[in-house]
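Okay, so here's the structure we're looking at.
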There are 2 protein chains.
Amino acid sequence: MTKAPTRIQQRNRAAILSAGLDIFSQYGFRGATLDQIADAAGLSKPNLLYYFPSKEAIHTALLERLLETWLDPLKALDGSGDPVAEIMGYAQRKLAMSRDFPRESRLFANEILQGAPHIEEILKTDLKTLVDEKAAIIQGWADAGKIAAIDPHHLIFSIWAFTQHYADFDVQVRAVLGDKAPHDGALSFLDTLYSKLLRV
Amino acid sequence: MTKAPTRIQQRNRAAILSAGLDIFSQYGFRGATLDQIADAAGLSKPNLLYYFPSKEAIHTALLERLLETWLDPLKALDGSGDPVAEIMGYAQRKLAMSRDFPRESRLFANEILQGAPHIEEILKTDLKTLVDEKAAIIQGWADAGKIAAIDPHHLIFSIWAFTQHYADFDVQVRAVLGDKAPHDGALSFLDTLYSKLLRV
DNA sequence: TTCTGGTTTGACCAACTGGTCAAAATAACG
DNA sequence: CGTTATTTTGACCAGTTGGTCAAACCAGAA
């Protein structure tokens, strides 16, 4: 029976994971250092290694926590709901995640950019299965004439690409937009884009 | 007067830049090592440093070479051409760059993900100016009723996001699609997406 | 062939890397 | 309070990092 974590453990583990998220999402696994993470977490390096046995362990913990929730918006796409509302809702949920969890988005982007060494298997199994399943639903809607005929896989890619862009390329978006908040404009653009695309 | 480079210089500089592109685009600046780059270029590390004075110098040379051509597709967007054809042509050129220069796309993505430390000023000046200028053209077309009324900045973001996705997230795209070639499907999806969006 | 300038290398260095460990400091609890 | 379990730390280590340098090597012109 594993012991319940003390208050100190809870606080420090959370601080480490948050610091690790900051650093890994910016520099990638190889580019991040334990000193940076320890510093950001307000701990000494040996103290940090008291809570996680290795750099890899912190990274793995972060990726696992991320994967638990990363696919939730797509899982929620309901084949028995209204087609246009379901797809638009999915896109909106993804955009909201970009706004609310940009570090998680960048952690994921870094992992993929580096060739997905830690999660390639999950992509080929869990992710592919989920996407294929939802793509079949969308294809069904298209075949039934409820939405326009479009390739469902690329539709999903376009939603990923567009929504994650606002988290992953944040500094570029802000550089171009000046200091106008990007997300309001993005949301209404997204609404226009997909309602026009899906209309039969 | 600077001397003309010898054949050996040409060959080795090119090999180093290509190797650097491979490594930097995968691991980012901090995550890449000179040993990796030297290895990929088929040179010893001191030999590599005979051609470039530092790691930073290789990276800078790559970024400069990239920026020279990266914005060409957008620059080619012509205010006196046919609105829909111009915008679709731009999107198609960008998608072709993703197919033909994926390493360059990932180098850029890594730089932005890390907060654009080397090019933030360029983004805020050159890039912003260019985008604002082209956005004004697109806004003009919309005001004249030649295309649908959409936010031109977010239109451009959506083109960047969608096209670069196929280079930057290549392993994810392939994992989901199996081994079907992604680009044909992407191209026709892109055509459908933007022709529907722009139609008045 | 010799001379010359460009090219390559092995040995080396200081700083940094991920990680260890025993000892010290602190919290928890009766 | 005293005892015990948890937490924190300084000193340390071996391997890696970006980078230097003098010496050796080599291609080609005279």
Side-chain angles (χ1 to χ4, degrees), chain A residues 1-64 107 110-111 114 117-118, chain B residues 1-64 107 110-111 114 117-118:
Chain A
M1 161 113 196
T2 48
K3 298 236 179 88
T6 68
R7 254 180 260 113
I8 295 177
Q9 278 169 10
Q10 282 183 296
R11 170 170 51 83
N12 283 347
R13 280 179 184 274
I16 291 167
L17 288 177
S18 176
L21 187 53
D22 276 339
I23 306 298
F24 282 131
S25 68
Q26 193 173 354
Y27 296 107
F29 182 74
R30 292 224 40 199
T33 74
L34 286 180
D35 290 284
Q36 282 178 296
I37 298 171
D39 215 48
L43 299 172
S44 66
K45 188 167 57 173
N47 200 180
L48 179 151
L49 287 162
Y50 171 73
Y51 290 100
F52 288 86
S54 68
K55 181 184 179 182
E56 185 102 32
I58 304 172
H59 190 250
T60 301
L62 282 169
L63 271 186
E64 281 173 359
L107 180 72
N110 252 308
E111 171 70 11
Q114 303 191 4
H118 304 93
Chain B
M1 160 114 198
T2 47
K3 298 238 179 89
T6 68
R7 256 178 260 112
I8 295 176
Q9 277 170 11
Q10 283 183 297
R11 170 170 50 82
N12 284 347
R13 279 179 184 274
I16 291 167
L17 287 177
S18 176
L21 188 53
D22 276 339
I23 306 298
F24 282 131
S25 68
Q26 193 173 354
Y27 297 107
F29 181 75
R30 290 225 42 198
T33 74
L34 286 181
D35 291 285
Q36 283 178 297
I37 298 172
D39 215 49
L43 300 172
S44 67
K45 188 168 56 170
N47 201 178
L48 179 150
L49 287 164
Y50 171 72
Y51 291 100
F52 288 87
S54 68
K55 181 184 180 182
E56 186 102 33
I58 304 173
H59 191 250
T60 301
L62 283 169
L63 271 186
E64 281 174 358
L107 180 72
N110 252 309
E111 172 69 11
Q114 304 192 2
H118 303 93

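Quantities reported herein were computed from a predicted structural model and do not represent experimental measurements. Order of the sequence lines sets the chain letters (A, B, ...), proteins ahead of strands, with each chain counted from 1.
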A/Ser44 side-chain N/O to D/dT9 phosphate OP1/OP2 under 4.0 Å: yes
From CD1 (B/Ile16) to CG (B/Leu48), nearest 0.5 Å: 4.0 Å
Contacting residues from residues 48-55 of chain A, given that a heavy atom lies under 4.0 angstrom of DNA chain C: A/Leu49, A/Ser54, A/Lys55
Distance test, side-chain N/O of A/Asn47 to OP1/OP2 of D/dT9, below 4.0 Å: yes
Nucleotide nearest A/Pro46 (side chain, heavy atoms from C-beta), chosen from C/dG18, D/dT9, D/dT6: D/dT9
Separation of B/Asp39 CG from B/Ile23 CD1 (nearest 0.5 Å): 8.5 Å
Verdict with reasoning, B/Thr33 to B/Tyr27, per side chain to side chain contact (heavy atoms under 4.5 Å, CB included): CA-CA 9 Å; B/Thr33 74; B/Tyr27 297 107; over 6 Å; no
Min side-chain heavy-atom separation A/Phe29-A/Glu111 under 4.5 Å: no
A/Thr6 side-chain N/O to C/dA27 phosphate OP1/OP2 under 4.0 Å: no
Test side chain to side chain contact (heavy atoms under 4.5 Å, CB included) applied to B/Ile58 and B/Leu62, step by step: CA-CA 6 Å; B/Ile58 304 173; B/Leu62 283 169; 4.3 Å; yes
Interatomic distance where CD belongs to B/Gln10 and C1' belongs to C/dT7 [whole Å]: 16 Å
Which nucleotide in D/dT7, C/dG6, D/dT17 has an atom nearest any side-chain atom of B/Asp35: D/dT17
Full working for side chain to side chain contact (heavy atoms under 4.5 Å, CB included) between A/Asn110 and B/Asn110: CA-CA 8 Å; A/Asn110 252 308; B/Asn110 252 309; 3.9 Å; yes
DNA chain D-proximal residues of residues 15-34 of chain B, any heavy atom under 4.0 Å: B/Ala32, B/Thr33, B/Leu34
Side-chain heavy atoms of B/Phe52 within contact of B/Asn12, under 4.5 Å: no
Full working for side chain to side chain contact (heavy atoms under 4.5 Å, CB included) between A/Gln36 and B/Arg30: CA-CA 13 Å; A/Gln36 282 178 296; B/Arg30 290 225 42 198; 3.5 Å; yes
D/dT6 OP1/OP2 closer than 4.0 Å to side-chain N/O of A/Asn12: no
Parallel, tilted or perpendicular: rings of B/His59 and B/Phe24 (30°, 60°): perpendicular
d(NE2, A/His59; C1', C/dG18) in whole Å: 15 Å
Under 4.0 angstrom between A/Gln9 side-chain N/O and D/dT7 OP1 or OP2: yes
A/Gln36 CD - C/dA15 P separation (whole Å): 19 Å
Residue met sooner reading DNA chain D from 5', once B/Arg7 and B/Glu56 are mapped to nucleotides: B/Glu56
